[in-house]
Amino acid sequence: MILYKTVQDIRSQIKTLKEKNQKIGFVPTMGALHEGHLSLIRQSKQQTDVTVCSVFVNPTQFNDIKDFEKYPVTIEKDIMLLEQEKVDILFLPAVIEIYPNGVNEVKHYELGYLENILEGKYRPGHFQGVCQVVHRLLEIVQPDALFMGQKDYQQCMVIKKLLEIEQINTELIIVPTKREADGLALSSRNMRLSDGAKEEALAIYKTLNHIKNNIQSTSFEELTQNGADFLLNEGFSKVDYVAIADANTLEPVEKYDPGQKLVALIAAFKDPVRLIDNMTLN
Ligand code: PAF
């Protein structure tokens with residue numbers, strides 16, 4: 001694996017690869033790698049010639065400074081895992097490489113309603129930050145394929161929109177969520193949960209399954225309200241949302257229609273950690 005820290009160095013390597021017609025796969029991460037990230041890397045290794053992975057904890061996507069400061073950094077272990085997975089290139093930039101004009105001089109993206117619902121509503125500015133960093137990384141890496149996890153369902157939709165509005169010719173490949181054997185979705189944030197809290201956090205997965213199993217027989221209002229109550233009873237301190245939405249647009253849906261693809265989404269606090277998960281329903 002070759003490690004690049006500057007835009008200039010990685011760009012010249014990318015230029016060489018492009019000249020050789022190598023298909024480039026890209027897995028952007030914020031580090032604290034786990035099996036979920038590794039599954040993205042494995043997909044990229046299968047489908048492309050060269051896999052580039054970035055590790056960059058992007059300051060502009062944290063609406064809560066405490067969350068940014070507490071974001072786990074495990075770079076030595078990350079490098080070891082990336083070596084084991086035979087990643088070809090690691091891009092490990094400093095903030096100045098990504099934001100040469102500073103973090104306040106940044107572009108605004110017209111993301112429409114996607115920016116103001118669900119995650120967007122509870123984390124104002126978050127998706128602008130995600131677009132700023134992903135757009136910049138795509139300009140640098142110029143990948144043929146971009147691999148992202150379904151765990152961040154709305155993020156995948158935002159990136160799809162980014163590719164459209166910026167007319168970027170990169171294929172977005174969404175990889176299914178990796179879970180622990182008991183169902184808990186893998187997340188870098190899980191590192192901040194005690195074993196007991198992890199067990200209680202399973203309530204999210206149980207709620208999603210309950211919604212999936214009862215989607216035809218129970219009103220959506222009852223399913224989402226009962227879901228939120230269940231999470232609070234199971235030791236969650238706050239529930240941002242339990243929602244059922246159109247799987248293609250993320251617009252809220254009130255009634256079951258067998259012709260419509262649906263997704264259930266949850267965000268809740270297992271104090272002090274905010275967890276998200278989702279499940280497609282049909
Ligand atoms: O999903 C993530 O880890 C981040 O949002 C991403 C896509 C690497 C951008 O910082």
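Remember, it's 1-based here, ligands and their atoms both numbered in the order they're listed.
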For this session: Would you check, one step at a time, whether the test side chain to side chain contact (heavy atoms under 4.5 Å, CB included) holds for Val57 with Phe62?
Result: CA-CA 9 Å; Val57 184; Phe62 288 86; 3.8 Å; yes

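Using a 30° and 60° split on the angle between ring planes, Tyr256 and Phe220 fall in the perpendicular class, above 60°.
Close approach to Gln61 involves these atoms of ligand 1, each under 4.0 Å from a residue heavy atom: 4 (C), 5 (O), 9 (C), 10 (O). Below 4.0 Å from some heavy atom of Met148 lie the following atoms of ligand 1, by number and element: 7 (C). For ligand 1 and Val133, the ligand atoms under 4.0 Å from any heavy atom of the residue are 9 (C), 10 (O).
For atom 3 (O) of ligand 1, the nearest non-hydrogen atom of the protein is Met30 CG, 3.8 Å. Closest to atom 5 (O) of ligand 1 among all protein heavy atoms lies Gln155 OE1, 2.7 Å.
Here Thr29 has backbone heavy atoms under 4.0 Å from ligand 1, and that is the only part of it that gets that close.
Residues Lys70 and Asp64 are not paired through a salt bridge, judged by the lack of any N-O separation under 4.0 Å between the basic side chain and the carboxylate.
A heavy-atom distance below 4.5 Å is found between the side chains of Arg136 and Val7.
With rounding to the nearest 0.5 angstrom, the OG1 atom of Thr207 is 12.0 Å from the OH atom of Tyr205.
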